[in-house]
Amino acid sequence: MNTALAILWKDLVTEWRSRDRVIAMLLFSLLVVMVFHFALPTGTQDGIAENAAGLLWVAYVFASIIGLNRSFSLELENDALSGLALAPGERGWIFVGKALANFILIGIVDTVTAFVFALILVSVPRAR
């Protein structure tokens, strides 16, 4: 359990210092929301409400792919992944720590994206 907490702490502190992964995920997901805003025809508020879950999941999935790719690319630099594999303790706890850190960061991005999605696509009437 201490291994998972150490990996979780390491990943969160590393992200807090650089903030590049969360910013990239946020920018991408917000750009996807803006593209949907301008791509959908005007006067289709009912269509947006019917498809809102699907549109939101598109932003979630692609932003998460960016974040997960960056998460493991950091570990591949300088063979840090090999160092994690050689660390004492069970490898399952290493996975749990990395998964929790990714879930926390993706959850933050998804929360902000859902809020902006609700503001832009659902509640803001568009000009005709």
Using distance only, find each side-chain donor-acceptor pair of residues 56-68 under 3.5 Å and give its atom names and separation, not counting sequence neighbours.
from: Y60; atom 1: OH; to: D110; atom 2: O; distance (Å): 3.3
from: S64; atom 1: OG; to: Y60; atom 2: O; distance (Å): 2.7

With [X], which residues qualify under side-chain hydrogen bond (donor to acceptor under 3.5 Å, both in side chains), at least two apart?
X: T14; result: none
X: T113; result: S29
X: D79; result: none

Could you identify which residues cluster with [X], counting Ile, Leu, Val, Met, Phe, Trp and Tyr as linked when any side-chain heavy atoms lie under 4.5 Å apart, either directly or through a chain of such contacts?
X: L27; answer: I23
X: V35; answer: none
X: F103; answer: none

> Would a 4.5 Å heavy-atom cut-off, applied to side chains only, mark I106 and M25 as touching?
Replying inline: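 In contact.
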
>> Taking ring pair (Phe, Tyr, Trp, His ring centres under 6.0 Å) as the cut-off, I'd like each qualifying pair that reaches into residues 63-96, sequence neighbours left out, listed once.
In response: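 Sorted result for residues 63-96: empty, none.
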
>> Tell me which pairs pass ring pair (Phe, Tyr, Trp, His ring centres under 6.0 Å) where either residue lies in residues 3-35, with sequence neighbours left out.
In response: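 The answer is none; no pair qualifies.
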
> Between I94 and I7, what is the shortest heavy-atom contact and its length?
Replying inline: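 For I94 versus I7, the nearest heavy atoms are O-CG2, 3.9 Å.
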
> How many angstroms lie between atom CG of L12 and atom CG of L8, to the nearest 0.5 angstrom?
Replying inline: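 L12 atom CG to L8 atom CG measures 4.5 Å (nearest 0.5 Å).
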
> Out of curiosity, I120 CD1 to L30 CG, how far, rounded to the nearest 0.5 Å?
Replying inline: 7.0 Å

> Got a sec, which residues hit side chain to side chain contact (heavy atoms under 4.5 Å, CB included) with L31, two or more places apart in sequence or on another chain?
Replying inline: none

>> Is it the case that over 12 heavy atoms from other parts of the model lie below 6.0 angstrom from the CZ atom of R19?
In response: yes

>> I need the single residue from L55, V32, V112 that forms a side-chain contact (heavy atoms from CB on, under 4.5 Å) with F117. Which is it?
In response: L55

> Please, which pairs that meet salt bridge (Lys or Arg N to Asp or Glu O under 4.0 Å) have at least one residue in residues 95-105, sequence neighbours excluded?
Replying inline: D11-K98, E75-K98

>> Tell me which pairs pass salt bridge (Lys or Arg N to Asp or Glu O under 4.0 Å) where either residue lies in residues 20-29, with sequence neighbours left out.
In response: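 Those involving residues 20-29 are E15-R21, D20-R70.
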
